[in-house]
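Values in this document were obtained by computation on a predicted structure and should not be read as measured data.
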Amino acid sequence: MAWIRQLSSGMWAATVRLPKGSDPDRVTETHRLKGTVTKWAADLEADIRKGDWIDPRAGKKTVGECWEKWGATARRLEQASRRRDESHWRVHVAPRWAEVQIGTILRPDVTAWVVEMEGTHKGTCRKRDTCSGCKPPVGAATIEGALGVLRSVLDLAVDARLIRVNPARGVKRPKRDAHVDRILDPDEEQQLVDALDRMFPGRVDAGLFVSLIADTGMRWEEAAAIPPEMIGTRKKRIHIAWVMERDGTCRPYAKSDAGNRTVTYGEHLAQRMTKAKLSAREVAGAFPPDGPTRLVFTSEKGDQLRYSNWHRRVWTPALRGLPERPVVKGHAYRAAIAGAGLEDPQPTPHDLRHMFGTRLADEGVPLHDIMALMGHEDIRSAQRYLHSREERFDRARQAIKRARAAGS
């Protein structure tokens with residue numbers, strides 16, 4: 001029960017005991033009207049009884065303090081996701097929010113931050129009419145990640161009852177450019193594989209690696225982390241139990257329970273896969289101490305594959321070709337090398353996986369089998385492969401043609 005009394009000054013004061021463990025254990029409000037402090041005390045006691053009371057002093061904690069206390073420990077994340085969030089915090093979130101008290105953040109402040117990241121000018125730029133751009137804009141995916149980190153930290157602050165609502169909730173994210181799946185026809189696939197074999201003869205991380213992804217629907221990071229023990233050459237099967245992280249380390253199990261699965265490859269790859277299995281290399285530091293020690297697919301130097309390096313040194317040259325290289329120190333002359341010569345848009349490595357799923361759907365493979373082979377848990381992920389080839393446009397044109405003919 002609140003203690004309400006009149007002070008010697010004529011003012012009225014109301015004192016309410018706070019929940020056990022609060023420091024201090026009571027709070028007092030004064031006003032010249034008794035009704036005002038009485039209502040304040042009644043409202044505060046009602047909030048305490050309902051568990052809705054939040055100490056206004058708790059909002060003085062900064063975003064940086066909340067990150068240091070909970071950011072790295074209070075959320076269960078994969079190692080790669082944790083490193084990504086730490087990068088977003090260090091580069092984009094901390095410079096703007098680390099010293100800001102969480103109780104002072106408003107949703108318009110967060111929206112303004114997102115808009116500033118999208119723009120080409122710093123918030124302090126005062127010559128925007130003449131300035132050609134004082135900073136590069138931040139990509140939509142990076143903005144989405146940085147906003148997600150801030151939102152997660154403030155969610156933890158809400159859970160800890162430091163603030164009542166999360167001001168980063170409901171802030172609109174910039175739209176990413178939609179990726180159009182590039183489904184290669186068999187001739188285009190062969191052009192790509194031929195270019196890889198021509199440009200990188202004898203290398204397991206070129207033609208064979210790409211052919212295997214196209215033939216099994218594996219993700220790139222799954223194919224890059226295959227130890228020889230997981231390949232059954234007699235039945236031409238591969239059990240997927242490891243994935244390659246961006247830093248070159250392999251973690252056990254896949255993206256989901258459904259991802260931990262067995263796939264099969266065709267007879268045309270049998271001999272090459274047997275040879276690759278027998279030639280698997282020891283790679284230090286790729287697997288945990290109690291895990292495998294060898295990898296089937298490695299770089300030219302025998303190291304584990306890293307996506308960014310492989311994409312730049314193998315995939316892109318195979319698509320675009322290599323220009324003529326003159327005689328320079330340490331390098332001999334090299335004539336220009338033509339790439340696969342595919343039409344734009346150029347495919348991405350992940351499009352090989354979409355191509356696999358689309359071909360299965362076109363051949364009438366049941367949806368549940370597609371999900372099992374590709375490691376999908378959600379049926380909506382597999383449905384994208386149904387009717388996704390050029391034939392759907394032909395069917396649409398024929399349907400409109402028939403409808404017009406029927407109405408004439």
Side-chain angles (χ1 to χ4, degrees), residues 47 51-180 245-247 255 307-308 311 348 350:
D47 286 343
D52 290 341
W53 178 77
I54 292 179
D55 189 344
R57 292 165 298 181
K60 294 183 179 180
K61 283 186 176 291
T62 65
V63 177
E65 289 173 332
C66 293
W67 170 264
E68 290 296 328
K69 187 171 183 179
W70 299 304
T73 59
R75 294 178 298 146
R76 301 189 66 179
L77 298 172
E78 295 287 354
Q79 183 180 357
S81 299
R82 193 173 300 282
R83 285 197 299 267
R84 178 201 61 207
D85 283 1
E86 288 172 352
S87 175
H88 287 320
W89 167 262
R90 183 177 63 256
V91 177
H92 298 288
V93 183
R96 171 63 179 86
W97 300 105
E99 302 302 323
V100 178
Q101 294 180 351
I102 57 175
T104 64
I105 302 174
L106 302 176
R107 184 177 297 176
D109 299 330
V110 182
T111 301
W113 172 58
V114 171
V115 171
E116 182 179 339
M117 284 194 288
E118 287 183 283
T120 58
H121 297 280
K122 297 179 181 178
T124 56
C125 181
R126 295 294 181 265
K127 299 180 180 179
R128 301 197 179 195
D129 293 338
T130 58
C131 177
S132 59
C134 48
K135 75 175 184 69
V138 180
T142 303
I143 293 176
E144 183 177 338
L147 179 60
V149 170
L150 177 62
R151 185 170 56 244
S152 298
V153 173
L154 295 179
D155 274 342
L156 294 172
V158 172
D159 293 341
R161 305 195 59 75
L162 302 181
I163 52 177
R164 192 176 299 277
V165 295
N166 184 344
R169 285 282 167 192
V171 173
K172 290 186 177 180
R173 302 167 293 180
K175 290 185 178 180
R176 297 196 195 190
D177 293 335
H179 172 71
V180 178
E245 300 280 14
R246 292 296 179 108
D247 64 354
K255 187 176 181 180
Y307 182 82
S308 57
H311 193 281
T348 67
H350 202 66

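- A pairwise comparison of heavy atoms in K175 and A140 identifies O-CB, 3.7 Å as the closest pair.
- Rounding to the nearest 0.5 angstrom, the gap separating the CG atom in D155 from the SG atom in C66 is 11.5 Å.
- Looking at S152, its side chain does come within 3.5 Å of a backbone N or O of G148 through a donor-acceptor pair.
- Closest approach of L147 to V110, counting heavy atoms only: CD1-CG1, 3.7 Å.
- Nearest heavy-atom pair, W70 versus L162, reported as atom, atom and distance to 0.1 Å: CH2-CD1, 3.5 Å.
- In terms of heavy atoms, V149 sits closest to H88 at CG2-CB, 3.9 Å.
- Between R164 and V158, the closest heavy-atom pair is O-CG1, 3.9 Å.
- Put simply, CE on M117 and OG1 on T142 are 9.0 Å apart, with the number rounded to the nearest 0.5 Å.
- How far NZ of K69 is from NZ of K61: 5.0 Å, rounded to the nearest 0.5 Å.
- The aromatic rings of W113 and W97 sit perpendicular to each other, their planes meeting at more than 60°, with 30° as the lower class boundary.
- Annotation: the span from D85 atom CG to R90 atom CZ amounts to 11.5 Å, rounded to 0.5 Å.
- A distance of 7.5 Å separates CG in N166 from CG in L150, rounded to the nearest 0.5 Å.
- K172 places none of its side-chain heavy atoms less than 4.5 Å from the side chain of T111.
- Nearest heavy-atom pair, K60 versus Q101, reported as atom, atom and distance to 0.1 Å: O-CG, 3.3 Å.
- Residues R107 and V171 form a side-chain contact, since some pair of their non-hydrogen atoms from C-beta on lies under 4.5 Å apart.
- Applying the side-chain contact (heavy atoms from CB on, under 4.5 Å) test to P167 and every residue at least two apart in sequence or in another chain returns I105, L154, I163.
- Counting heavy atoms from C-beta outward, E116 and R96 have side chains that stay 4.5 Å or more apart.
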